[in-house]
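Note that the numbering runs from 1 along the sequence shown for the chain. Order of appearance sets the numbers: ligands from 1, and atoms from 1 within every ligand.
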Amino acid sequence: MMNYVIKDFKTIINKMKYIDLWWYIRYTCNPYQNCEHQCIYCDARSERYHISEEFDQTIIVKNNVKEQLDRRLSKARTFLPDVVALGGVNDSYMPAEETYKNTKQVLEVLLKHQYPVSISTKSTLVLRDLELLNRIAEEAWCAIAFTITSADEEVSSFLEPRAASSEQRFLALEKIKQEYPKIQTAINLMPIVPFLEDTEENLEAILRTAHEVRVDNITFAGLTLRDQAAYFYQRIKQKYPALVEKFQALYQGQYIPQDKRYLLDLNEKVVRLCKKYSVPYRIKRRFIPSDFRRVNYLVAQHLADEAYERQLAGKYHQGYLWACNHIHNLSESLVTIAERGALETVQNVKGKIKEDVERLIKKYNKRKTLESYFG
Ligand code: SF4
């Protein structure tokens with residue numbers, strides 16, 4: 001039986017050191033601690049998150065989230081409105097939300113302060129809040145992503161025992177796009193579990209349906225096995241004993257597959273299917289602030305996309321990633337810095353990257369409306 005414990009807490013919102021380059025998240029906000037969904041691959045079981053063994057048995061319901069967050073956003077001088085991810089090391093629409101409504105209260109405060117929102121979930125309970133999320137989409141920006149990694153319900157209910165079925169998640173995405181087109185929708189095709197989900201047949205079924213329900217993009221990644229590996233292997237052994245040795249041979253005790261060819265082949269397969277079904281595999285950044293960050297964010301998105309393409313192809317990409325991180329953290333516009341002839345003072349903006357940045361500043365500083373970038 002699940003335990004729910006209501007607790008006072010110190011932190012409701014965290015500012016990340018660097019903006020995340022998958023979903024462009026600046027802040028994380030967790031209305032709960034721990035998670036009820038019990039996914040067997042869950043990375044949040046890793047020790048690096050300092051989460052207790054009661055992770056999927058006891059849910060901490062944070063007390064007074066509405067007042068705490070409102071106070072924090074009203075007083076935080078160093079905070080500028082930017083993308084807030086709800087959940088992160090849990091699903092903010094886990095069953096507890098039906099009773100406690102902490103996530104809904106957080107959304108009401110974010111709307112009041114006009115902060116954009118990014119939600120990743122495996123629960124159709126998010127549909128309850130669509131009107132509120134649509135208001136956030138109209139006044140700031142909102143994206144809802146469902147994690148879907150298997151078209152086979154037996155596999156998905158084994159890997160994610162307390163989440164909605166894959167079919168329910170696809171139907172939810174379809175409903176959102178039909179009724180609230182301003183909300184950006186996506187599928188997080190991650191983690192793609194080797195031997196169970198990396199087949200052409202499974203990936204094609206997901207991409208085909210992604211196209212049919214008109215998601216704006218997918219994001220994809222393979223499975224990482226950190227400290228949760230022991231629990232994962234224990235569960236795999238119960239249902240697919242023949243796979244344990246195969247996993248161990250592929251991972252060799254490390255957190256990613258040790259056969260580089262495996263990862264390159266997986267990337268190639270997903271990218272090819274994305275192209276076949278016209279589904280982008282990178283999010284289109286649509287929250288672009290109108291203050292000094294405007295050109296910086298547009299340039300950074302370009303560098304992040306370039307880094308990603310290089311990474312997929314197994315090429316050097318770290319310089320682009322770090323340039324992007326440092327540009328996101330600037331406290332003045334790249335335009336002003338370029339006018340002073342000081343672009344090289346921005347870390348990692350050197351050589352070819354500097355040439356790219358100069359070209360992009362000219363491109364983005366000229367245009368009058370953001371719509372012209374979005375088509
Ligand atoms: S929904 Fe996410 S946080 Fe919750 S158990 Fe599953 S993987 Fe972990």
Side-chain angles (χ1 to χ4, degrees), residues 1-5 14 16 20 22-23 25 28-62 84-100 102-103 106 117-129 143-150 153-166 168-170 172-173 186-194 196-197 206 218-236 239 255-256:
M1 212 178 91
M2 198 64 62
N3 297 314
Y4 299 102
V5 179
N14 294 298
M16 293 168 65
D20 151 273
W22 289 77
W23 301 279
I25 293 161
T28 58
C29 177
N30 287 296
Y32 303 93
Q33 264 175 23
N34 300 346
C35 187
E36 289 180 71
H37 280 164
Q38 299 181 344
C39 308
I40 73 163
Y41 52 70
C42 181
D43 188 44
R45 292 177 208 277
S46 298
E47 273 175 19
R48 68 196 176 120
Y49 292 115
H50 310 292
I51 282 169
S52 74
E53 283 178 6
E54 299 223 307
F55 175 67
D56 56 12
Q57 301 299 323
T58 300
I59 303 303
I60 310 292
V61 181
K62 294 187 177 179
V84 180
L86 285 187
V89 284
N90 57 41
D91 190 320
S92 45
Y93 282 99
M94 65 177 100
E97 171 62 14
E98 207 158 351
T99 309
Y100 297 101
N102 268 10
T103 298
V106 161
V117 170
S118 170
I119 288 172
S120 174
T121 185
K122 293 171 184 157
S123 166
T124 55
L125 184 56
V126 67
L127 299 177
R128 181 199 66 190
D129 293 341
I144 300 175
F146 275 84
T147 301
I148 306 177
T149 54
S150 182
E153 299 293 359
E154 192 182 335
V155 172
S156 71
S157 68
F158 165 67
L159 295 173
E160 302 152 347
R162 299 199 74 212
S165 69
S166 295
Q168 287 171 325
R169 295 181 227 177
F170 278 124
L173 283 165
I187 288 175
N188 290 334
L189 176 48
M190 59 173 72
I192 302 170
V193 177
L196 290 175
E197 300 184 322
I206 292 174
I218 66 147
T219 50
F220 74 95
L223 171 72
T224 54
L225 287 174
R226 297 178 197 269
D227 319 322
Q228 88 277 33
Y231 179 78
F232 176 79
Y233 285 137
Q234 182 195 325
R235 296 299 309 276
I236 288 285
K239 189 165 170 74
Y255 81 101
I256 55 169

Does some side-chain heavy atom of Leu225 sit less than 4.5 Å from a side-chain heavy atom of Tyr233?
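Result yes, sub-4.5 Å side-chain heavy-atom pair found.
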Are any non-hydrogen side-chain atoms of Gln228 and Phe55 less than 4.5 angstrom apart?
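With C-beta onward as the side chain, the pair stays apart.
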Can you name the one residue among Gln33, Glu54, Glu36 that meets side chain to side chain contact (heavy atoms under 4.5 Å, CB included) with Ile59?
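Single side chain to side chain contact (heavy atoms under 4.5 Å, CB included) partner of Ile59 among Gln33, Glu54, Glu36: Glu36.
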Locate the shortest heavy-atom distance separating Ser165 from Glu153; write the atom from each residue and the value.
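Of all heavy-atom pairs spanning Ser165 and Glu153, the closest is CB-OE1, 3.3 Å.
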Write down the atom of His37, the atom of Pro95, and the distance for their closest heavy-atom approach.
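That closest heavy-atom pairing would be NE2-CD, 3.9 Å.
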Atom 8 (Fe) of ligand 1: protein N, O or S atoms that are less than 2.8 Å away, sorted by chain
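Correct list: Cys42 SG.
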If you measure from atom 2 (Fe) of ligand 1 to every heavy atom of Met190, Lys122, Arg162, which option wins on shortest distance?
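Looking at heavy atoms only, Lys122 sits closest to atom 2 (Fe) of ligand 1.
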Which residues pass the ring pair (Phe, Tyr, Trp, His ring centres under 6.0 Å) test with Phe170, sequence neighbours left out?
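So Phe170 forms no ring pair (Phe, Tyr, Trp, His ring centres under 6.0 Å) with any residue.
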